[in-house]
Amino acid sequence: MNDFLPFTRPTIDEHTIQGVAEVMRSGWLATGPNVSHFEQALSDYIGGQRHVLALTSGTAALELALDICGIGPGDEVLVPAMTFAATANVVMRVGAVPIFVDVDLHSRNILLDQAEEAITDRTRAIMPVHYSGLPVDREPLYELAEKHKLRVIEDAAHAIGSAWGEDKVGSLGDIACFSFHPNKNMTTIEGGALSVASEVEARQIENLRFHGIDRLDDGSIDVTAAGGKYNLSDVAARIGIDQLTSLDAFNNKRRMLAYRYYDQLGDSFPGILPTRGDAGHSWHMFTVLLPFDELGQTRQAFIKAMHERGIGVGMHYPALHEMTLYQTINRHPCPNASRIGRETITLPLFPGMEMADVDRVCATMMDVLP
Ligand SMILES: *Cc1c(COP(=O)(O)O)cnc(C)c1O
């Protein structure tokens, strides 16, 4: 079907395709000048005195962040129960234990008072997710971290371009990790980046992302850590350089489309709309909660009916603390995350959409709902 509307779609222009072709012809495909350029451009974009390192994925950024914080066996890390699997999986991969904390029903962001209650003498870090691009409240977050001596690893996979007032996510605070997966607000196909304040930790990331290799002044190399292989390619970086120049336009368009959803859905909407936020919300997703049980319709039936009418909707996310791996690890009740997991629907939202597409989604949804 030609006019099928997916829930997301990357925007890639001819200039970017040409740029990729140039890199392909240049003879330098892996990490090189485009990666350096991309890192500088990201650092300039985010602002603040930060070190920005390009990596192969958002997941790699989160994992390396835990690594440089020295988090491992015996440690606990607070994570929201409503997030993508990567946020908790990386904690497991370094040998630590993710402690799930419930989220707010409306903002879908981690509840900081419940996070504080979940702190033990093993807690080393908190990994808040700026859900759908809505920044977690910065002051209470960093006050909590300071009070309990926690590292803050911000999962900013949804939040490239998000801001607290004038301050972009990643420009302040401890460590922020971005993702450039094609579903995110800008893409490098696969890719990610980490923003960190400390020069020493930036050098550590540089070392760990490429085999733990240090280059010495005499031209020789040394291996000083069991590093991995997380360096971005120049081809990917070239895409990122272009995407970054369009990011504000992309995010503004996302915001306008989101506001159109509010206008269209208004008071008659039978479920819960997400927190509206302000201009610092980058609108990675527009997710609504629908009380399928009360409505007498299954979510599968709703998704199928929407699909048959040419509209793709997503489900972000199933509650992570209920997944097989995490059921036995989970320690605290997370009823909001469970409810969001059951009721969430992700409506189409991407910069290539038109306002009329939003209207069509809303009309179709009202038609499909009983
Ligand atoms: C996408 C995503 C990640 C992982 O990013 P990748 O680049 O796909 O590795 C981590 N956390 C959240 C919340 C995400 O949405």
Side-chain angles (χ1 to χ4, degrees), residues 1-20 45 108 130-134 157-163 179-189 239-290 299 302-317 344-369:
M1 205 180 353
N2 220 359
D3 62 347
F4 185 83
L5 183 70
F7 78 83
T8 191
R9 181 194 284 149
T11 303
I12 300 287
D13 61 21
E14 280 307 313
H15 183 261
T16 306
I17 294 169
Q18 277 305 315
V20 167
Y45 175 81
R108 325 281 154 82
H130 304 297
Y131 200 89
S132 77
L134 178 72
H158 298 176
I160 184 76
S162 296
S179 166
F180 307 129
H181 179 275
N183 281 2
K184 303 292 158 68
N185 289 29
M186 60 169 271
T187 189
T188 59
I189 305 181
I239 300 170
I241 291 165
D242 267 19
Q243 289 271 299
L244 189 59
T245 63
S246 301
L247 180 65
D248 284 345
F250 288 166
N251 287 354
N252 288 336
K253 182 72 181 288
R254 286 175 177 276
R255 195 171 306 110
M256 285 170 63
L257 293 161
Y259 290 171
R260 183 75 166 201
Y261 272 120
Y262 287 107
D263 291 345
Q264 289 287 306
L265 295 173
D267 299 335
S268 61
F269 186 68
I272 295 181
L273 298 176
T275 298
R276 196 176 171 118
D278 58 22
H281 190 334
S282 62
W283 286 105
H284 169 54
M285 298 189 287
F286 194 92
T287 59
V288 300
L289 305 186
L290 282 165
R299 183 161 56 178
F302 173 81
I303 291 173
K304 185 161 175 282
M306 291 295 283
H307 199 272
E308 282 167 1
R309 286 164 177 76
I311 293 169
V313 297
M315 269 191 286
H316 298 88
Y317 298 93
T344 190
I345 285 288
T346 309
L347 300 178
L349 181 65
F350 56 90
M353 277 171 67
E354 300 304 330
M355 295 300 156
D357 292 319
V358 173
D359 300 355
R360 183 175 134 223
V361 171
C362 295
T364 307
M365 180 162 64
M366 289 314 169
D367 194 38
V368 159
L369 285 171

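Everything numeric in this text was worked out from a predicted model, so none of it was measured.
Of all heavy-atom pairs spanning Gln264 and Cys362, the tightest one is CB-SG, 3.6 Å. Summarising the geometry of Ser282 relative to Asn185, their closest heavy-atom pair is O-ND2, 2.8 Å, with the distance given to 0.1 Å. Closest approach of Pro10 and Pro182 over heavy atoms only: CB-O, 3.8 Å. Across all their heavy atoms, Pro348 and Pro6 have their closest contact at CB-O, 3.4 Å. Residues Gly352 and Thr11 come closest through the heavy atom pair N-OG1, 4.0 Å. Residues Pro270 and Met366 come closest through the heavy atom pair CD-CE, 4.1 Å.
In this pair, Tyr317 and Tyr131 present their aromatic rings perpendicular. The plane angle is above 60°, beyond the 30 to 60° band.
Taking 4.5 Å as the limit, some side-chain heavy atom of Tyr262 sits within range of a side-chain heavy atom of Arg276. The shortest side-chain heavy-atom distance between Leu347 and Met365 falls under the 4.5 Å cut-off. Within the 4.5 Å cutoff, the side chain of Ile12 has heavy atoms near those of the Gln243 side chain. Leu349 has its side chain within reach of Trp283: a pair of non-hydrogen atoms, C-beta onward, lies under 4.5 Å apart. Residues Phe7 and Met306 have side chains not in contact (no heavy-atom distance under 4.5 Å, counting atoms from C-beta outward). Looking at Thr8 and His284, their side chains never come closer than 4.5 Å, going by heavy atoms from C-beta outward. For the pair Met186/Pro351, no side-chain contact is recorded, criterion being any heavy-atom separation below 4.5 Å from C-beta on. By the 4.5 Å heavy-atom criterion applied to side chains, Arg309 and Val368 are counted as neighbours.
With Arg9 contributing its side chain and Phe350 its backbone, the two residues share no donor-acceptor pair below 3.5 Å. A side-chain donor-acceptor contact under 3.5 Å links Thr187 to the backbone of Phe180. Asp357 places a side-chain N or O within donor-acceptor distance of the main-chain N or O of Glu354, the cut-off being under 3.5 Å. Side-chain atoms of Asp278 do not come within 3.5 Å of backbone N or O of Ala163 as any donor-acceptor pair. For Asn252 (side chain) and Asp248 (main-chain N/O), a donor-acceptor pair under 3.5 Å exists by modelled atom type.
Expressed to the nearest 0.5 Å, how far CG of Asp263 lies from CE of Met355 amounts to 9.5 Å. Atoms CD1 and CD1, on Ile17 and Ile239 in that order, are 9.5 Å from each other to the nearest 0.5 Å. A distance of 3.5 Å separates OG1 of Thr364 from CD1 of Ile311, quoted to the nearest 0.5 Å. Annotation: the span from Met315 atom CE to Phe302 atom CZ amounts to 11.5 Å, rounded to 0.5 Å. With rounding to the nearest 0.5 angstrom, the OG1 atom of Thr287 is 9.5 Å from the NE2 atom of His316. Rounding to the nearest 0.5 angstrom, the gap separating the CG atom in Leu5 from the NE2 atom in His307 is 11.0 Å.
Side-chain atoms of Thr16 and Asp13 include a donor-acceptor pair closer than 3.5 Å. No side-chain donor from either of Ser132 and Arg108 sits under 3.5 Å from a side-chain acceptor of the other.
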| task | Output, in order, the C-alpha distance, side-chain angles, deciding distance and verdict of side chain to side chain contact (heavy atoms under 4.5 Å, CB included) for His15 and Asp242. | result | CA-CA 8 Å; His15 183 261; Asp242 267 19; 2.8 Å; yes

| said: I'd like to know whether Ser162 forms a side chain to side chain contact (heavy atoms under 4.5 Å, CB included) with His130, so could you lay out the CA-CA distance, the side-chain angles of the two residues, the decisive distance to 0.1 Å, and finally the verdict. | reply: CA-CA 9 Å; Ser162 296; His130 304 297; 5.7 Å; no

| Given the rule in the side chain to side chain contact (heavy atoms under 4.5 Å, CB included) test, do Val313 and Thr346 qualify, once you have shown the distances and angles that lead to the verdict? | CA-CA 5 Å; Val313 297; Thr346 309; 5.9 Å; no

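Figure legend: Arg254 and Phe286 shown without cation-pi pairing, the cationic atom not lying both under 6.0 angstrom from the six-membered ring centre and within 45 degrees of its axis.
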